[in-house]
Amino acid sequence: ANYVHPLVGKVTVSFGVGEKLDSEVFRHWYERVDAALYRAKSSGRNKVVVSSDQDQLIFVSKQLEWKSEWESGNKKIDEQHFSLLQTGNNLVRLSLSGVKDEEIIQILESLLEDISKHFTDEEQVLDNINYLEYEEHAHIHKDLYLKALSLKNAYQAGEIKPSALISFIVSDVVRGHILHEDIKYFPFLKAVNK
């Protein structure tokens, strides 16, 4: 910033920095870092702004909005998807409000139980319609659930921050799974229910 370059004059640099969490998809990480860069530029430039855990939770909270294209054609599955998103919204809102860890853990445990029940119910529905990708879908459920349990244990042991666990459960398990995996079976389910 103090050097005057012969062709361009003074040059400054602003950076947005954020560590990509193991549980975080690239797009979320990129958008958190981009938001930090915007803050660096809008707060005077020529500085480094680090993306915080709050940024991650705020980003997650902005993403939880039910969309009609997420309707599978099965009333029970749709009600469970909607309920999981609402519980995710509540979890993010409470964590941003600074409630105690004990309350967060209670909600997380309840959400994990709901996710487990939903995965079981969804697998039953898919099995009943002879969904060709049933085995793969059930395997994805198992992997997501085990990863969520592992992160919950790491959070309770103080090894990770709550934002990592909440982001994974809300963005990847609830919302991400609906958008990337569940929508694959919606046409089959709608055809069977006609």
Side-chain angles (χ1 to χ4, degrees), residues 15-37 39 48-66 70 77 80-123 133 135-184:
F15 290 96
V17 179
E19 179 181 6
K20 183 182 178 301
L21 304 170
D22 290 339
S23 63
E24 190 172 22
V25 295
F26 176 80
R27 190 185 82 248
H28 294 167
W29 175 47
Y30 176 84
E31 290 181 13
R32 282 192 308 110
V33 171
D34 190 52
L37 174 60
R39 282 197 314 275
V48 176
V49 172
V50 177
S51 176
S52 68
D53 295 331
Q54 291 295 90
D55 291 337
Q56 188 172 350
L57 289 172
I58 289 167
F59 174 75
V60 169
S61 70
K62 291 178 183 175
Q63 300 304 304
L64 296 172
E65 196 172 301
W66 181 259
W70 296 355
I77 296 300
Q80 288 177 345
H81 281 163
F82 184 78
S83 177
L84 291 171
L85 264 99
Q86 296 296 46
T87 305
N89 273 334
N90 188 38
L91 180 62
V92 171
R93 188 173 45 257
L94 287 174
S95 63
L96 288 171
S97 70
V99 300
K100 295 179 183 176
D101 285 352
E102 298 82 32
E103 291 180 59
I104 297 290
I105 286 294
Q106 287 177 348
I107 295 168
L108 282 169
E109 287 176 353
S110 176
L111 182 57
L112 286 171
E113 287 175 19
D114 292 346
I115 288 168
S116 177
K117 180 179 179 349
H118 168 67
F119 283 171
T120 300
D121 291 346
E122 188 175 90
E123 288 168 21
E133 315 297 319
E135 293 293 330
E136 180 182 339
H137 201 86
H139 183 72
I140 291 168
H141 283 170
K142 181 180 177 184
D143 286 348
L144 285 171
Y145 191 74
L146 291 175
K147 174 76 177 202
L149 286 178
S150 174
L151 286 170
K152 180 187 145 219
N153 292 336
Y155 166 60
Q156 287 180 303
E159 297 168 2
I160 63 170
K161 295 181 180 181
S163 60
L165 173 59
I166 294 168
S167 176
F168 176 75
I169 289 175
V170 173
S171 293
D172 293 45
V173 177
V174 176
R175 183 181 178 274
H177 185 66
I178 293 171
L179 286 177
H180 301 292
E181 295 302 325
D182 287 352
I183 61 169
K184 293 177 184 176

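To the nearest 0.5 Å, the span separating CD on E123 from CD on E135 amounts to 9.0 Å. To the nearest 0.5 Å, atom NZ of residue K152 and atom CD1 of residue I104 are 13.5 Å apart. Residue Q80 holds its CD atom at 5.0 Å from CD1 of I77, rounded to the nearest 0.5 Å. To the nearest 0.5 angstrom, F82 atom CZ is 11.0 Å from I178 atom CD1. How far CG of L91 is from CG of L111: 6.5 Å, rounded to the nearest 0.5 Å.
In this structure, I105 and E102 have side chains that are not in contact, with every pair of non-hydrogen atoms separated by 4.5 Å or more. A 4.5 Å side-chain heavy-atom check between V173 and L112 finds every atom pair outside the cut-off. The closest side-chain heavy-atom distance from I115 to L144 is not below 4.5 Å.
Considering K184, E122, E181 in turn, E122 is the only one that fulfils the side-chain hydrogen bond (donor to acceptor under 3.5 Å, both in side chains) rule with H137.
Side-chain N or O atoms of S150 include none that pairs as donor or acceptor with a backbone N or O of L146 at under 3.5 Å. Side-chain atoms of T87 come within 3.5 Å of backbone N or O of S83 as a donor-acceptor pair.
At a cut-off of 3.5 Å, with distance as the only test, no side-chain donor of H118 or D114 sits close to an acceptor on the other residue.
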Pair F15-V33, side chain to side chain contact (heavy atoms under 4.5 Å, CB included): steps then yes or no | CA-CA 9 Å; F15 290 96; V33 171; over 6 Å; no
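Checked against the 6.0 Å centroid criterion, the rings of H81 and H177 do not qualify as a close aromatic pair.
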